[in-house]
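Worksheet: one structure, shown below.
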Amino acid sequence: MATWEESKHPMSGICQQWMEKIKQAKKRKHEHFGKYADEAMKFFDGAHDWMWKGEYAKASGGFLDKEAQGALPNFRMTVNRVFEAVALFGPVLYHRNPAIQVTPRMLPEISPVAMGINPDDPQLSPYFETFQIQDDYIAEIRRSHANIKEHYLNWLQYETDKKAQCRLAINEAIIKGMGILWTEMHRPKGSPHQYPKSSFVSVDDVVVDPDAEYWEDVTWVARKCVHPVWKVDRKYGLKGDLKGNLESINAQGEVYANGRKKTSAEKRSGRTHDLIEYWEVYTKCGFGDKLHLTNKGNGENEKYDWSKFGDFCYMAISPDVPFPLNCPSGDLEKKGFDEVFSQVQWPIPFWCDGGWPFSRLHFHSKPKSVWPISMIKPAIGELRFVNWCMSFLADKVAAASTTYVAIAKAAGAEIQDQIKSGLGPYTHIEISEIFGRSVNDVVSFLDAPQFNVEIWNMVRQVLELIDKRTGLTELIYGLSGPTQIRSASEAEIRNQNVSIRPDDMSSQVEDWLGVCAMKEMEAAEWALSADDVKPVLGASAAYIWTKQIKAQDFEDLVRDYTYRVEAGSARKPNKVNRVRQLNEFAQIAMPQLQQFAAQGNMEPYNAFITDWAKANDLDPSRYLVNPEQKQDEQQAAMQQQQMQMQQQQMQMQQQAQQADQQAKQMQQQQEAQKQQTEMQLKQLDMQVKQLDIQSKQVDLESSKQNLEIDKQKNQMELEFMKQKQELQLEAKKSKD
């Protein structure tokens with residue numbers, strides 16, 4: 001383990017002086033801000049009886065006299081109004097990650113007359129058109145850059161878990177008076193890419209120039225860090241020569257697990273101290289050459305001109321190390337000036353716009369002081385009084401709930417033992433009386449004095465004062481108050497009045513988030529390469545990032561010459577009112593917006609659709625229309641119509657051909673049918689003739705048959721006559 005001799009380190013005097021400055025700054029901060037912040041934090045997260053402890057109650061500014069011997073309450077409690085303030089204001093102020101908007105600053109419109117050009121002059125008007133083309137070209141580039149930056153910043157809000165970090169900072173701003181987000185480069189473990197990250201840093205770990213009364217006058221700030229020794233060694237490349245000055249719980253556990261205590265040699269060597277406390281100092285007043293050094297006799301200091309490092313320097317200083325951790329003394333001899341110069345400069349030049357590496361949030365500024373006022377501080381007196389009264393009231397309730405039993409002294413030991421052995425909130429009293437009377441004369445119950453409700457009324461009024469101090473009004477709790485709301489206008493007036501403080505706090509949170517987003521953009525443009533942004537933005541945007549965005553002057557960004565970075569509202573929105581307002585607006589403005597859209601002016605229509613979709617939790621990109629898209633759609637529609645017309649013409653031609661073919665087929669069919677009909681007619685004629693012939697033949701045959709029948713009939717008649725005659729002759733003969 002290396003042992004450092006201060007005489008061999010030319011920067012030891014500077015380090016000592018900076019540590020003394022930090023000590024003075026801590027003292028002044030505690031007097032003007034820290035003690036009130038600590039007190040408010042105890043009201044938020046302290047033990048239930050912390051207020052009654054002697055180090056607070058009897059300390060300077062406490063509520064008990066050091067020599068007072070008065071009775072204190074047995075039941076000690078704390079009415080935690082601070083926790084209620086955090087639980088109510090926190091979700092309202094930061095409900096979601098804000099939508100970061102990067103707006104390019106457009107160039108002013110200049111008329112040709114202002115340039116001395118007659119717009120009707122055909123010779124001079126082309127010059128003005130050239131200027132307009134140049135301005136349009138610049139505006140288009142700025143819009144593209146703004147879209148790239150906006151996309152990256154919105155991705156950053158979710159990747160770095162901005163919501164969790166901001167909630168911590170907002171809670172501390174509500175409790176202590178100030179919340180801080182510290183912006184620096186972050187590289188995830190095992191990742192080749194880095195990105196800016198704004199992390200919560202407690203205001204307890206930050207001190208500022210004690211001589212400054214306004215932030216514009218602050219010349220340096222310092223941040224306390226406590227990290228493992230190996231991590232600091234690796235960060236600053238100290239090659240294992242660093243030793244710790246604090247001991248972690250793990251190290252303590254390892255020592256006590258071996259059944260022994262730390263030796264003095266181990267304490268001196270730092271073998272059990274695995275943590276180191278150091279301060280990161282950001283200055284606007286130089287490296288330290290302007291300080292009054294404590295070791296002026298050290299001749300080594302005179303060899304170096306610290307003013308060459310400039311006014312904006314960065315140092316990491318530890319109380320037990322005689323040189324800045326980021327600039328070991330050996331580097332002054334081994335490295336060139338440029339390399340040493342870069343080691344002691346701010347990692348990111350936030351000083352360009354007069355800022356610091358952090359964004360601070362506070363709700364109540366204090367004149368002539370860099371430290372603000374906590375919203376809890378004005379109510380500290382009432383909180384003490386309420387806790388005092390409530391503790392004594394608790395004892396009063398306990399006393400009023402006790403039942404006193406009076407027992408005659410002559411009642412006998414048996415009766416006394418039975419009553420005394422009973423469990424419950426009562427106390428027995430012996431009475432010297434003669435035994436032999438009734439039971440009521442021997443044992444009786446005594447009522448305690450009644451509770452005075454005026455004490456509670458007074459406490460309730462003080463609680464209302466606390467609510468007014470902190471903003472915890474009845475409407476914040478969702479109550480309607482002692483009087484009933486009789487009209488919508490009265491409800492609206494009450495709503496406006498009760499939202500004055502939350503609206504102001506929300507506005508300050510939005511401004512704070514905008515400043516934080518701007519610092520993240522500054523860090524990104526300063527430190528990120530195309531490889532770092534390519535996974536988020538893509539190859540084409542990464543090319544623009546390197547060739548155009550990083551090539552611009554850094555001054556243009558920090559001065560807002562070309563772009564404005566703003567954070568949208570992180571407050572929980574009132575969606576019902578928002579949707580109602582948009583719907584009412586649509587009834588009036590939508591016809592006009594549609595006319596603008598039909599004429600090619602899509603911006604008003606798209607703006608309304610965007611607001612309406614966001615209010616209804618919809619993705620607006622699916623409903624937006626731009627002129628190019630509309631032209632493409634119109635061209636596509638015209639092409640489609642032309643194709644449809646061509647298809648219809650082809651179909652009509654096909655149908656005509658088919659009709660011709662069908663007509664020819666019909667004609668052929670008709671001719672065939674005609675021929676068939678004629679054939680059928682001929683066949684019918686022939687059949688008729690055949691039928692005539694057949695009928696004639698039938699007639700002939702029938703006539704022949706008739707002749708034959710007549711002939712047969714005649715023959716039969718002749719034969720019958722012949723037989724008759726024969727019979728008659730035979731009859732005559734027989735007679736004869």
Side-chain angles (χ1 to χ4, degrees), residues 94 97-102 145-169 179-201 206 221 223 225 235 280 282 312 314 316 326 342 345-361 509-538 541-542 544-546 548-560 562-568 570:
Y94 204 102
N97 283 326
I100 305 299
Q101 298 177 353
V102 181
H145 291 181
N147 291 334
I148 292 173
K149 295 179 180 182
E150 183 174 307
H151 181 86
Y152 186 80
L153 287 176
N154 282 301
W155 169 83
L156 205 62
Q157 308 308 304
Y158 291 93
E159 176 64 22
T160 59
D161 195 12
K162 191 69 166 291
K163 183 176 181 179
Q165 303 297 324
C166 288
R167 286 295 293 269
L168 292 172
I180 290 176
L181 287 180
W182 201 283
T183 304
E184 56 191 350
M185 300 306 301
H186 173 72
R187 187 184 299 275
K189 294 181 180 179
S191 175
H193 307 295
Q194 61 177 348
Y195 51 79
K197 182 178 181 180
S198 297
S199 304
F200 165 72
V201 172
V206 177
V221 299
R223 168 192 176 187
C225 302
K235 180 178 180 180
E280 292 183 336
Y282 295 80
F312 306 100
Y314 162 78
N326 60 314
S342 64
Q345 299 301 302
W346 287 30
I348 303 169
F350 293 114
W351 50 264
C352 287
D353 61 346
W356 301 95
F358 57 88
S359 308
R360 64 187 190 279
L361 171 66
V509 170
E510 292 174 15
D511 294 340
W512 170 62
L513 292 174
V515 172
C516 183
M518 186 65 182
K519 292 186 182 298
E520 292 169 350
M521 193 69 255
E522 292 176 8
E525 289 198 22
W526 182 263
L528 296 185
S529 63
D531 294 335
D532 293 323
V533 301
K534 185 177 180 180
V536 182
L537 301 176
I544 295 176
W545 183 275
T546 303
Q548 298 180 14
I549 295 179
K550 287 185 66 68
Q552 294 176 350
D553 190 0
F554 191 71
E555 183 81 5
D556 293 344
L557 172 66
V558 299
R559 299 298 179 191
D560 293 339
T562 55
Y563 306 97
R564 182 174 66 252
V565 179
E566 296 175 322

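Start at 1 with the first residue, then count along the sequence.
- The structure places CD1 of Ile544 at 10.0 Å from CG of Asn147, a figure rounded to the nearest 0.5 Å.
- Looking only at side-chain heavy atoms (C-beta outward), Ser198 and Thr183 come within less than 4.5 Å of each other.
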Could you walk me through whether Val536 and Tyr195 satisfy the side chain to side chain contact (heavy atoms under 4.5 Å, CB included) test, starting with their C-alpha distance in whole Å, then the side-chain angles of each, then the deciding distance to 0.1 Å, before giving a yes or no? CA-CA 11 Å; Val536 182; Tyr195 51 79; over 6 Å; no

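- Ile549 CD1 to Met521 CE: the interatomic distance, rounded to the nearest 0.5 Å, is 6.5 Å.
- Using a 4.5 Å heavy-atom threshold, the side chains of Pro357 and Ile348 count as separate.
- Ring geometry, Tyr282 versus Trp346: the interplanar angle exceeds 60°, so the pair is classed perpendicular (tilted spans 30 to 60°).
- Closest approach of Thr546 and Ala530 over heavy atoms only: OG1-CB, 3.0 Å.
- Between the side chain of Gln165 and the main chain of Phe200, a donor-acceptor pair closer than 3.5 Å is present.
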For Val102 and His145, run side chain to side chain contact (heavy atoms under 4.5 Å, CB included): C-alpha distance rounded to whole Å, both residues' side-chain angles, the deciding distance at 0.1 Å, then the answer. CA-CA 9 Å; Val102 181; His145 291 181; over 6 Å; no

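- Side chain of Asn154 to backbone of Ile100: a donor-acceptor contact under 3.5 angstrom is found.
- Looking only at side-chain heavy atoms (C-beta outward), Leu513 and Ser359 stay at 4.5 Å or farther from each other.
- Ring planes of Phe312 and Trp351: parallel class, angle under 30° (limits at 30 and 60°).
- Relative orientation of the Phe554 and Trp526 rings is perpendicular, given thresholds of 30° and 60° on the angle between their planes.
- Taking the six-membered ring where the residue is Trp, Trp356 and Phe358 present parallel rings, their angle staying beneath 30° rather than reaching 60°.
- Rounding to the nearest 0.5 Å places CD of Gln101 at 9.0 Å from CZ of Arg564.
- A salt bridge does not link Glu184 to Lys235: none of the charged nitrogens lies less than 4.0 Å from a carboxylate oxygen.
- Within the 4.5 Å cutoff, no side-chain heavy atoms of Thr160 are placed close to those of His186.
- Interatomic distance, CD1 of Ile180 versus CZ of Arg223, reported as 9.5 Å (0.5 Å rounding).
- The closest donor-acceptor contact from the side chain of His193 to the backbone of Val533 lies at 3.5 Å or more, if one exists at all.
- Scanning all heavy atoms of the two residues, the minimum distance from Gln194 to Ala527 falls at NE2-O, 3.5 Å.
- Within a 6.0 Å sphere centred on NZ of Lys550, heavy atoms belonging to other residues, nucleotides or ligands number more than 12.
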Go through the steps to decide whether Lys162 and Cys516 satisfy the test side chain to side chain contact (heavy atoms under 4.5 Å, CB included), and finish with yes or no. CA-CA 11 Å; Lys162 191 69 166 291; Cys516 183; 3.6 Å; yes

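- Of the N and O atoms on the side chains of Glu525 and Gln552, not one donor lies less than 3.5 Å from an acceptor on the other residue.
- Annotation: side chain of Trp545 is not in contact with side chain of Asp532 (no heavy-atom distance under 4.5 Å).
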